[in-house]
S.K.: 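There's a structure below that I have some questions on.
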Amino acid sequence: MHSEGSIKSQIETLLFLSGEPISLKSLSKIFDKDSSSIKPLIDELITEYEKRGIIITGSLNEYQFTINPQNFEIAQDFVSPVRLKKLSQSALETLAIIAYKQPVRKSTIESIRGVKSDKVIENLIAKGFVKISGEDDSIGRPKLYATTKKFLRKFNLGSLKELPDIGEIDDIIKQGSEETEDSKEDFNE
């Protein structure tokens with residue numbers, strides 16, 4: 001029989017060893033305990049790690065160790081030879097459309113972007129950020145696209161409800177363009 005402290009320590013070990021998120025359901029099975037007795041232990045670990053270099057994040061009742069976002073830059077510099085390839089502007093645009101409009105047809109994505117998006121969607125599927133979530137009932141039964149759990153993890157979102165409001169995005173873009181104008185003025189002086 002495991003004590004709560006022992007189980008919490010073992011959960012920490014499993015999260016450390018696993019390269020992928022572990023579900024609450026899996027942890028419950030491993031320890032032969034109800035989810036309601038495992039969840040508080042995970043919540044305690046999340047609180048204990050929240051100000052450390054690595055933190056525990058949860059998305060859709062799946063948990064894993066990740067780098068504290070405050071330390072991302074130094075971590076990225078340290079592993080620069082094996083840096084992940086960044087998403088292109090067209091991939092980010094397409095991903096944003098899918099995230100906000102899902103489930104969405106390719107024709108809708110293309111009408112918003114104004115360009116063909118076959119290759120971009122294929123690449124997002126290959127990277128695991130997008131999946132085919134079904135078929136539309138319209139003529140031709142076009143595929144519907146949606147984001148994946150990997151998308152949520154990559155952008156550190158617990159759920160799609162945490163996506164910024166469209167108005168917030170417009171403000172961020174406007175602020176970014178104002179900062180760019182300010183830096184151009186500084187350069188010209």
S.K.: Indicate, with yes or no, if Ile30 and Leu41 share a hydrophobic cluster defined by side-chain heavy-atom contacts under 4.5 Å among Ile, Leu, Val, Met, Phe, Trp and Tyr.
M.R.: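 Cluster IDs for Leu41 and Ile30 match.
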S.K.: Minimum heavy-atom separation for Gln64 and Arg153, please, with both atom names.
M.R.: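 Heavy atoms only, the tightest pair is OE1-CD, 2.8 Å.
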S.K.: Roughly how far apart are Ile46 CD1 and Thr57 OG1, rounded to 0.5 Å?
M.R.: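 Those atoms lie 8.0 Å apart.
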S.K.: If you define the side chain from C-beta out and look only at heavy atoms, does anything of Leu45 sit under 4.5 Å from Glu48?
M.R.: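 Yes, their side chains come closer than 4.5 Å.
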S.K.: What do you reckon, is CD of Glu50 surrounded by more than 12 foreign heavy atoms closer than 6.0 Å?
M.R.: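 Yes, CD of Glu50 has more than 12 neighbouring heavy atoms, counting only those of other groups under 6.0 Å.
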S.K.: With no hydrogens and no angle check, is any side-chain donor or acceptor of Thr148 less than 3.5 Å from a backbone partner on Phe151?
M.R.: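 Yes.
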S.K.: For the atom pair CD (Glu20) and NZ (Lys150), what is the distance rounded to the nearest 0.5 Å?
M.R.: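 Here the rounded value is 8.5 Å.
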S.K.: Between Leu15 and Tyr63, what is the shortest heavy-atom contact and its length?
M.R.: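 For Leu15 and Tyr63, the tightest heavy-atom pair comes out as CD2-O, 3.3 Å.
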S.K.: Rounded at 0.5 Å granularity, tell me how far CZ in Phe16 sits from CD1 in Ile54.
M.R.: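 Reported value, rounded in 0.5 Å steps: 7.0 Å.
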S.K.: Do the side chains of Phe31 and Leu17 join up, straight or via other hydrophobic residues, at under 4.5 Å, putting them in one cluster?
M.R.: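 Yes, because Phe31 and Leu17 connect within a single hydrophobic cluster, where side-chain heavy atoms sit under 4.5 Å apart.
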S.K.: In this structure, would Ile125 and Leu152 fall into the same cluster of hydrophobic residues linked by side-chain contacts under 4.5 Å?
M.R.: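 Looking at the clustering, Leu152 is in the same group as Ile125.
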S.K.: Grab the two heavy atoms, one from Lys39 and one from Leu24, that are nearest each other, plus how far apart they are.
M.R.: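 Here Lys39 and Leu24 meet closest at N-CD1, 3.9 Å.
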S.K.: Any chance you could measure Lys8, atom NZ, to Ile38, atom CD1, to the nearest 0.5 Å?
M.R.: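 Answer for the NZ-CD1 pair, Lys8 versus Ile38, is 12.5 Å.
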S.K.: Using only atom types and a distance under 3.5 Å, with no angle test, would you say the side chain of Ser59 pairs donor to acceptor with the backbone of Leu157?
M.R.: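 Between the backbone of Leu157 and the side chain of Ser59 there is a qualifying donor-acceptor contact (under 3.5 Å).
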S.K.: Going only through I, L, V, M, F, W and Y residues with side-chain contacts under 4.5 Å, is there a path from Ile97 to Leu92?
M.R.: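 Result: yes, single cluster for both.
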S.K.: For Pro40 versus Ser35, what's the shortest heavy-atom pair and its separation?
M.R.: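 Scanning both residues, the minimum pair turns out to be CD-O, 4.5 Å.
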S.K.: For Phe72, does the CZ atom have more than 12 heavy-atom neighbours from other residues, nucleotides or ligands under 6.0 Å away?
M.R.: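 No, the 6.0 Å shell around CZ holds no more than 12 heavy atoms from other groups.
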S.K.: Is there a side-chain contact between Val120 and Arg113 (heavy atoms, below 4.5 Å)?
M.R.: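 SC-SC contact between Val120 and Arg113 confirmed.
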S.K.: Supply the atom-to-atom distance Asp32 CG to Asp34 CG, rounded to the nearest 0.5 angstrom.
M.R.: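 These two atoms lie 10.5 Å from each other.
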S.K.: Side-chain contact test, heavy atoms from C-beta onward, threshold under 4.5 Å: evaluate it for Arg105 versus Leu144 and give yes or no.
M.R.: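 Side-chain contact under 4.5 Å: yes.
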S.K.: Any donor-acceptor pair under 3.5 Å linking the side chain of Thr94 with the backbone of Ile121?
M.R.: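 It does not hold such a pair.
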S.K.: What are the two closest heavy atoms between Tyr145 and Gln102, and how far apart are they?
M.R.: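 Closest heavy-atom pair between Tyr145 and Gln102: O-CB, 3.7 Å.
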S.K.: Could you tell me whether the side chain of Lys25 and the main chain of Asn61 form a donor-acceptor pair under 3.5 Å?
M.R.: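 Side chain of Lys25 to backbone of Asn61, a donor-acceptor pair under 3.5 Å: no, none is there.
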S.K.: If only atom types and distance count, is the side chain of Asn68 paired as donor or acceptor with the main-chain N or O of Arg52 below 3.5 Å?
M.R.: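 Such a contact is found between Asn68 side chain and Arg52 backbone.
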S.K.: Atom CG of Leu27 and atom CD of Glu62: how far apart are they, to the nearest 0.5 Å?
M.R.: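 These two atoms lie 10.5 Å from each other.
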S.K.: Measure the shortest side-chain to side-chain distance between Ile112 and Lys101 over non-hydrogen atoms and say whether it is less than 4.5 angstrom.
M.R.: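 Answer yes - side chains close enough.
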S.K.: Got a donor-acceptor contact below 3.5 angstrom from the Ser23 side chain to the Ser26 backbone?
M.R.: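 Yes; judged by distance alone, with no hydrogens or angles, the pair exists.
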S.K.: Would you name the heavy atoms of Glu110 and Asp118 that are closest together and state the gap between them?
M.R.: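 Smallest interatomic distance, heavy atoms only, reads OE2-OD1, 3.5 Å.
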S.K.: Check the hydrophobic clustering (I, L, V, M, F, W, Y; side-chain heavy atoms under 4.5 Å; chains of links allowed) and say if Leu14 and Ile55 are grouped together.
M.R.: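 Per the 4.5 Å side-chain linkage, Leu14 and Ile55 are not co-clustered.
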